[in-house]
Amino acid sequence: MSRKCEICGKGRLVGNNVSHANNRTKKVSYPNIQSVRAAHNGSVRKMNVCTRCIRSGKIKKAS
């Protein structure tokens with residue numbers, strides 16, 4: 001499964017873990033991507049969509 005939303009393009013977020021001793025190591029957090037059957041541009045297909053787009057109604061789930 002792709003780790004990028006096909007609607008809004010939301011992808012991974014990169015930052016640093018900062019310890020008490022101020023040591024910095026890279027960390028990566030990914031959006032909550034779900035595989036959904038959706039009606040998009042007049043056809044029904046499986047899409048990888050973030051939960052924010054599903055909840056806000058940017059896609060119409062196919063029944």
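Note that the structure is predicted; figures quoted are calculated from it, not measured.
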Next on the checklist: Which residues end up grouped with Met47 if you chain together Ile, Leu, Val, Met, Phe, Trp and Tyr wherever their side-chain heavy atoms are less than 4.5 Å apart?
Outcome noted: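 Grouped by the 4.5 Å side-chain rule, Ile7, Val36, Val49, Ile54, Ile59 form the rest of the cluster around Met47.
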
Without placing hydrogens or testing angles, list every side-chain donor-acceptor pair under 3.5 Å for residues 11-18, not counting sequence neighbours.
none

Item to check | Set of side-chain contact (heavy atoms from CB on, under 4.5 Å) partners for Ser19, sequence neighbours left out | outcome: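 Per chain and number, Ser19 pairs via side-chain contact (heavy atoms from CB on, under 4.5 Å) with Ala21, Asn23.
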
Item to check | Listed once per pair and sorted, the salt bridge (charged side-chain N to carboxylate O under 4.0 Å, His left out) pairs that draw on residues 53-63, sequence neighbours left out | outcome: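 As it turns out, there is no salt bridge (charged side-chain N to carboxylate O under 4.0 Å, His left out) pair with a partner in residues 53-63 once direct neighbours are skipped.
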
Next on the checklist: Arg52: which residues meet the salt bridge (Lys or Arg N to Asp or Glu O under 4.0 Å) condition with it, sequence neighbours left out?
Outcome noted: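 None.
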
Locate the shortest heavy-atom distance separating [X] from [Y]; write the atom from each residue and the value.
X	Y	result
Ser35	Lys46	OG-CE, 3.5 Å
Ala62	Val44	CB-CG1, 3.5 Å
Ile33	Cys5	CD1-N, 3.7 Å

Item to check | Results of side chain to side chain donor-acceptor pair (under 3.5 Å) for Asn22 - residues two or more places apart only | outcome: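 For Asn22, the residues satisfying side chain to side chain donor-acceptor pair (under 3.5 Å) (neighbours in sequence not counted) are Arg24.
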
Checklist entry - How many angstroms lie between CG in Asn32 and NZ in Lys10, if you round to the nearest 0.5 Å? => result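 So the CG of Asn32 and the NZ of Lys10 are separated by 9.5 Å.
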
Next on the checklist: Let me confirm one number: the CD-SG distance from Glu6 to Cys50, rounded to the nearest 0.5 Å.
Outcome noted: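 If I round to the nearest 0.5 Å, the distance is 11.0 Å.
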
